[in-house]
Structure formats: C-alpha cells, structure tokens
Novice: 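To start, I am sharing the structure in question, which I have written as structure tokens.
Just so it is clear, the values below take in all heavy atoms, side chains as well, and ignore hydrogens, waters and symmetry mates.
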Amino acid sequence: MVWQAALLLAAMQPLADVPALTFSRARAFEPESIEVRVARLPRDREASEAQRFERIVTREGAPRALAWTSSEACPAAAAVLARQGSIEMPRLENPRTDGMLVTAFDGASYVLETTAFYGAAGRTGKIRLESNVGTSLARWIDEMLAALAPCWSAEPPDIGERPLTSH
C-alpha cells in the first residue's frame, strides 16, 4: 500500500520536479556526503536545455544543507554535465563462484543515476553506476562538484517551482 501511495504521488509531480540525473560522493571515514540532483528548467520545456542543480549535504545521516544553482548561472557546470557521455562504462561481471568477495574499505563511494539509451533497441531505461576512486565516474563527479562549487546559492533559482527535494 505504501509503495502505491508513493507511486501515485510521484505520478502527480510535474516533470520539472523529477531529477533527470543524480550523482553523489561519500568519502570513507568522513561523516559528510554530497548528493546533487539535476533537472531541466521548466521554462520553454521544448526549447530549453537549461538545467537546475540542487545540492544536499548530509552529515552523519541527516540532511544538513541545501543549495541551488542553474546552468544559466553556472556555465562551467553545464560544460562538465555535457561530458557525462565520456564516462567509461564498466564491464559487466558474472557473480564469482569461488567464494571470493572483494571489498574496499577506503576511498569513496561515487554514484550516478541517470537515463541510458539502448541504441539498437531504440529504448531508454534507468541506469545506476557505482565506483570507488580512480575511475572515470569518480573523475567526472569530482569535476562536476568542482565546477559547481563557486556557484551554489542558499536560494533556489527563481523558476516558480518548488525544489527537487522535500527536505
């Protein structure tokens, strides 16, 4: 029942409130993590490629700070965002049958959730990538966070819509 109510609420949200892309970084042994949600600005939906960005800083499991910007206010972020297609896709691995479990306890957790296009099938679907340090995903997320760093504002962009989160 709860999932049905959540699905109904999600379906009632305007398209602009649904993040098209989400990425995050959580470093090992640090109490703070950063998540950024990206959605297209609602103005001129058909013609505009402008994006809005929302940053959620979580400290010790609780959201502590929200900040916003847009690709209009932060062109450097838009340039890095456009390079997401350069992230090297990992090779799919079959589950190990030898009982070995490889676990990394250091580094960081990098996550990207977005839409992928299956060209031959002409279909799209959600994709989630996760990695540690030293990958093209980690580099891209670090570049995005660096590009966005000088652009954050305590006030959401004036677009006449509510933030991407309900925090």
Novice: Please name the pair of heavy atoms, one in S24 and one in E35, separated by the smallest distance, quoted to 0.1 Å.
Specialist: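 Smallest interatomic distance, heavy atoms only, reads CB-CA, 3.9 Å.
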
Novice: Flag yes if more than 12 heavy atoms outside E32 fall under 6.0 Å of its CD atom; otherwise flag no.
Specialist: yes

Novice: According to a 4.5 Å side-chain heavy-atom criterion applied to Ile, Leu, Val, Met, Phe, Trp and Tyr, with indirect links allowed, do V111 and V36 form part of one hydrophobic cluster?
Specialist: no

Novice: Nearest 0.5 Å, what's the CD-CZ distance between E30 and R25?
Specialist: 8.0 Å

Novice: Got a second to check how far S33's OG is from I56's CD1, nearest 0.5 Å?
Specialist: 9.5 Å

Novice: Sorted by first residue and then second, give each ring pair (Phe, Tyr, Trp, His ring centres under 6.0 Å) pair with at least one member in residues 121-151; sequence neighbours left out.
Specialist: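 Listed by first then second residue: F23-W140.
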
Novice: What's the shortest heavy-atom distance between I127 and T115, and which atoms?
Specialist: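 Residues I127 and T115, closest heavy atoms: CG2-C, 4.4 Å.
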
Novice: So, for W68 and L66, which heavy atoms are closest and what is the spacing to 0.1 Å?
Specialist: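 Closest approach of W68 to L66: CH2-CB, 3.6 Å.
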
Novice: In this structure, would L81 and M89 fall into the same cluster of hydrophobic residues linked by side-chain contacts under 4.5 Å?
Specialist: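 Yes, L81 connects to M89 through the hydrophobic network.
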
Novice: If you round to the nearest 0.5 Å, how far is CG of L137 from CD of E130?
Specialist: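 Spacing of CD (E130) from CG (L137) equals 9.0 Å.
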
Novice: Identify the heavy atoms of N132 and T135 that sit nearest to each other, and give their distance.
Specialist: O-OG1, 3.4 Å

Novice: What distance separates L112 CG from M144 CE, expressed to the nearest 0.5 Å?
Specialist: 10.0 Å

Novice: Write down the atom of A138, the atom of S131, and the distance for their closest heavy-atom approach.
Specialist: N-OG, 4.0 Å

Novice: Would you sort out whether T69 and R55 count as a side chain to side chain contact (heavy atoms under 4.5 Å, CB included), showing the intermediate values?
Specialist: CA-CA 9 Å; T69 192; R55 180 186 69 184; over 6 Å; no

Novice: Rounded to the nearest 0.5 Å, what separates atom CH2 in W152 from atom CG in L145?
Specialist: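 W152 CH2 to L145 CG: 8.0 Å, rounded to 0.5 Å.
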
Novice: Please report the closest heavy-atom contact between T124 and F117, naming both atoms and the distance.
Specialist: CG2-CD1, 3.7 Å

Novice: Does this structure show an ion pair linking R52 with E54, if we count only N-O contacts that are shorter than 4.0 Å?
Specialist: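 The answer is no: the pair does not qualify as a salt bridge.
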
